[in-house]
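Worksheet: one structure, shown below.
Position 1 is the first residue of the sequence; numbering continues from there.
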Amino acid sequence: MKKTVKLNNGIEMPTVGYGVFQIPQEQTKQVVTEALNDGYRLIDTAAGYLNEEAVGAAINDSGINRDEIFLTTKLWVQDFGEEKAAKAIDGALKRLDQDYIDLLLLHQPFGDTYGAWRAMEKAVKAEKIRSIGVSNFQSFQVQDLMMHNEIKPVVNQIEINPLNPENKNVQWLKDNDIVPEAWGPMGQAQAGIFTNPILKKIAQDHQKTTGQIMLVWNIQRGVVVIPKSVHANRIKENFDVFDVELTDEEMKQIAQLDQNHSYFSGLLTPDTVRTLGNLKFDYQN
């Protein structure tokens, strides 16, 4: 099991990270500190999560060399457009209290993504940002973005789990030297996934949990994972996956779980695009 993957700009990114979506600011520093102590070196946050300050504080107080940590954050739609994104990048650096960000993503494919991307490209050249990518983009949108801009995205962060494996998108991204990264790698605990008999049997055979098997399945497919938990035992457990390798037969068995249903697909409607496009977060740039 590989612990890192090389991005198309030559930078190494950990294959297992810690996500802080929906974790309150007042709890974030503690759980990020636990994650770092357990060995995580990829931390994933976003402006819209409203906890960047606590993430940055945990990193700064960890005693770990900054160049050993891979920090990801995201720009929200309200900050798209070249001028607004440039200001938002400086705002993120200030909130995180960092000299640079390892990976900056466009959080959604809405609004002036082109303008924001130009600001991100300039931030790379100014060494404020090391890598840039996207989140929740469909492959045709990634294709369009990379055809008409200078810097190619290194990552597309999308929902990927055994119930929604995104086989075509994952393969397209890999064919185009863009790393697929999974949010919701455990299926948002939907459809009884944690008690699925196929996953339970494979987990028992490897003396692991069903959650760990879901993470291993994604990593073996070349997908980076960012599981989230606020429970100390589960945080530790989610990182303890590098001593397992699934057989070809086990990978085929898990492939049978595909329901071709994305938790996120329900958002791809005009009403939801309008809602997300109008959603404003109260943070200061």
4.5 Å side-chain heavy-atom contact, Ile23 and Lys228: yes
Any pair counted as salt bridge (charged side-chain N to carboxylate O under 4.0 Å, His left out), so long as it reaches residues 160-174, sequence neighbours left out: none
Side chain Glu121, main chain Glu150, donor-acceptor under 3.5 Å: yes
Salt bridge (Lys or Arg N to Asp or Glu O under 4.0 Å) between Arg66 and Asp102, intermediate numbers included: CA-CA 10 Å; Arg66 176 63 182 86; Asp102 294 277; 2.9 Å; yes
Of all pairs that satisfy ring pair (Phe, Tyr, Trp, His ring centres under 6.0 Å), the ones with a partner from residues 136-163, not counting sequence neighbours: none
Val5 and its side-chain contact (heavy atoms from CB on, under 4.5 Å) partner, picked from Val224, Val223, Ile11, Val155: Val224
Matching residue for Lys74 among Asp44, Asn136, Asp79 - test: side chain to side chain donor-acceptor pair (under 3.5 Å): Asp44
For residues 54-65, which side-chain donor-acceptor pairs fall under 3.5 Å, sequence neighbours excluded?
unit_1: Asn60; atom_1: OD1; unit_2: Gln98; atom_2: NE2; d: 2.9
unit_1: Asn60; atom_1: ND2; unit_2: Gly56; atom_2: O; d: 3.3
unit_1: Asn60; atom_1: ND2; unit_2: Asp97; atom_2: O; d: 3.3
unit_1: Asn60; atom_1: ND2; unit_2: Asp97; atom_2: OD2; d: 3.3
unit_1: Asp61; atom_1: OD2; unit_2: Lys29; atom_2: NZ; d: 2.6
unit_1: Ser62; atom_1: OG; unit_2: Ile59; atom_2: O; d: 2.8
unit_1: Ser62; atom_1: OG; unit_2: Ile64; atom_2: N; d: 3.1
unit_1: Asn65; atom_1: ND2; unit_2: Glu68; atom_2: OE2; d: 3.4

Heavy-atom closest contact (Ala85 atom, Ala116 atom, distance): CB-CA, 3.7 Å
Considering all heavy atoms, the nearest Pro227-Gly17 contact: CD-O, 3.1 Å
Pairwise side-chain contact, Lys152 with Asp177, heavy-atom cut-off 4.5 Å (strictly under): yes
Test item: Trp76 and Gln108 side chains (from C-beta on) under 4.5 Å apart, heavy atoms: yes
Heavy-atom check, side chain of Val154 versus side chain of Met13, under 4.5 Å: no
Closest contact, heavy atoms only, Tyr100 versus Glu127: CB-O, 3.9 Å
Where Ser229 and Asn238 come nearest, the two heavy atoms and their spacing: CB-ND2, 4.3 Å
Pro14: partners by side chain to side chain contact (heavy atoms under 4.5 Å, CB included), with sequence neighbours left out: Arg41, Leu42, Phe70
Main-chain N/O of Ile219 paired to Thr15 side chain as donor or acceptor, under 3.5 Å: no
Test: Glu237 and Arg234 ion pair at under 4.0 Å: yes
Nearest-0.5 Å distance that lies between atom CD in Glu250 and atom CD in Glu245: 10.0 Å
Test ring pair (Phe, Tyr, Trp, His ring centres under 6.0 Å) applied to Tyr114 - qualifying residues, sequence neighbours left out: none
Test item: His107 and Tyr49 side chains (from C-beta on) under 4.5 Å apart, heavy atoms: yes
Salt bridge (Lys or Arg N to Asp or Glu O under 4.0 Å) evaluation trace for Asp243 with Lys208: CA-CA 10 Å; Asp243 58 347; Lys208 292 291 183 179; 3.0 Å; yes
Residue pairs, two or more places apart or on separate chains, that pass salt bridge (charged side-chain N to carboxylate O under 4.0 Å, His left out) and touch residues 185-202: Lys201-Asp205
Asn51 side-chain N/O to Thr45 backbone N/O, donor-acceptor pair under 3.5 Å: no
Parallel, tilted or perpendicular: rings of Tyr40 and Phe239 (30°, 60°): tilted
CH2 on Trp217 to CD1 on Ile202, rounded to 0.5 Å: 11.5 Å
Other residues, nucleotides, ligands: >12 heavy atoms within 6.0 Å of Glu83 CD: no
Exam field: side chain Arg95 to backbone Tyr283, donor-acceptor pair closer than 3.5 Å: no
Gap between atom CG of Leu199 and atom CE of Met214 - 0.5 Å precision: 5.5 Å
Any donor-acceptor pair under 3.5 Å from Glu159 side chain to Asn164 backbone: no
Check: Asn196/Thr210 side-chain N/O donor and acceptor closer than 3.5 Å: no
Shortest non-hydrogen separation from Ile213 to Ile254 and the atoms involved: CG2-CD1, 4.0 Å
Side-chain donor-acceptor pair present, Gln212, His206, cut-off under 3.5 Å: no
Interatomic distance, Asn8 atom CG to Ile151 atom CD1 [nearest 0.5 angstrom]: 10.0 Å
Heavy-atom side-chain proximity of Met146 to Ile178 below 4.5 angstrom: yes
Residues Lys87 and Asp90 bridged, charged N to O under 4.0 Å: no
Minimum-distance pair of heavy atoms, taken over all atoms of Thr73 and Ala47: OG1-N, 3.7 Å
Rounded distance (nearest 0.5 Å) linking atom CG of Asn156 with atom CD of Gln138: 9.5 Å
Student check: side-chain heavy atoms of Gln30 and Glu34 closer than 4.5 Å: yes
Close side-chain approach of Ile226 to Phe21, heavy-atom, < 4.5 Å: no
Under 3.5 Å donor-acceptor, Gln253 side chain and Ile198 backbone: no
Gap separating the OG1 atom of Thr113 from the CG atom of Leu75, nearest 0.5 angstrom: 11.5 Å
